[in-house]
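The next block holds one structure in the form of structure tokens; read it before the comments.
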Amino acid sequence: VQLQASGGGLVQAGGSLRLSCAASGSIFSINDIGWYRQAPGKQRELVATIASGGSTSYADSVKGRFSISTDSAKNTVYLQMNSLKPEDTAVYYCNAGGLRQTADAHITDFRSWGPGTLVTVSS
């Protein structure tokens, strides 16, 4: 399963960006999909995730500013980021887990990462 993210860029503090991540491949079902980020010199951290039933989880640092949503028909997840701060600067990675169909028609689980998209927030 491949993940392709888009929407990163440079924005001033207080501005907004929307990230998108589309999953493709022999997807049987997606159980959870979301976003992580890694700032320079720091460990990768959870930003927000959404489960197939719709439940969401956010890092405390982004609650009230970021919103995660999905378009299940398109296997796409979005991250709306408002009131951006310089400390939100990082490479944002899409991550998804679920079930996929193999070439011989078996069902197996997957966990995939996208290549990352850079978000830079200037002060």
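Only a predicted model underlies this, so the values are computations on that prediction, with no experimental measurement involved.
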Would you call [X] and [Y] a side-chain contact if the rule is heavy atoms closer than 4.5 Å?
{"X": "Val47", "Y": "Tyr93", "answer": "no"}
{"X": "Val62", "Y": "Lys85", "answer": "no"}
{"X": "Asn75", "Y": "Ile30", "answer": "yes"}
{"X": "Leu17", "Y": "Leu84", "answer": "yes"}
{"X": "Ile33", "Y": "Thr70", "answer": "yes"}

Would the distance check show the side chain of [X] and the main-chain N or O of [Y] forming a donor-acceptor pair, the cut-off being under 3.5 Å?
{"X": "Thr49", "Y": "Gly34", "value": "no"}
{"X": "Thr89", "Y": "Val121", "value": "yes"}
{"X": "Ser112", "Y": "Val1", "value": "yes"}
{"X": "Arg18", "Y": "Leu79", "value": "no"}

Going by atom type alone, with no hydrogens or angles, which donor-acceptor pairs under 3.5 Å involve a side-chain atom of residues 54-61 and a protein atom two or more places apart or on another chain?
from	atom 1	to	atom 2	distance (Å)
Tyr58	OH	Ile68	N	2.9
Asp60	OD1	Lys63	NZ	3.1
Ser61	OG	Arg37	NH2	3.3

Problem set entry | Centroid separation Tyr36 to Trp113 less than 6.0 Å |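 For Tyr36 and Trp113, the ring centres are under 6.0 Å apart.
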
For this session: Kindly work out whether a path of hydrophobic side-chain contacts (I/L/V/M/F/W/Y, heavy atoms less than 4.5 Å apart) joins Val77 to Leu99.
Result: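 As far as the 4.5 Å side-chain criterion goes, Leu99 and Val77 are not connected within one cluster.
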
Problem set entry | Neighbour count above 12 (heavy atom, 6.0 Å) for Glu87 CD |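 Yes, because the 6.0 Å sphere around CD of Glu87 holds more than 12 heavy atoms from other groups.
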
Nearest 0.5 Å, please: how far is [atom2] in [Y] from [atom1] in [X]?
{"X": "Ile50", "Y": "Ser67", "atom1": "CD1", "atom2": "OG", "result": "8.5 Å"}
{"X": "Leu3", "Y": "Ser24", "atom1": "CG", "atom2": "OG", "result": "7.5 Å"}
{"X": "Tyr78", "Y": "Cys21", "atom1": "OH", "atom2": "SG", "result": "10.5 Å"}
{"X": "Ser122", "Y": "Gln12", "atom1": "OG", "atom2": "CD", "result": "5.0 Å"}
{"X": "Gln80", "Y": "Leu19", "atom1": "CD", "atom2": "CG", "result": "9.0 Å"}
{"X": "Trp35", "Y": "Met81", "atom1": "CH2", "atom2": "CE", "result": "8.0 Å"}

Exercise. Is Arg100 salt-bridged to Asp109, cutoff N-O under 4.0 Å?
Worked result: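 Not counted as a salt bridge, because no side-chain N and carboxylate O are separated by less than 4.0 Å.
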
Indicate the atoms forming the closest heavy-atom contact of [X] with [Y], along with that distance.
{"X": "Ala5", "Y": "Thr117", "answer": "CB-CG2, 4.3 Å"}
{"X": "Lys74", "Y": "Thr76", "answer": "O-OG1, 2.9 Å"}
{"X": "Gly98", "Y": "Asn31", "answer": "CA-ND2, 3.6 Å"}
{"X": "Val91", "Y": "Gly116", "answer": "CG1-CA, 3.9 Å"}

Exercise. Between the side chains of Ser16 and Asn82, is a donor N or O closer than 3.5 angstrom to an acceptor N or O?
Worked result: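 Yes, side-chain donor-acceptor contact under 3.5 Å.
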
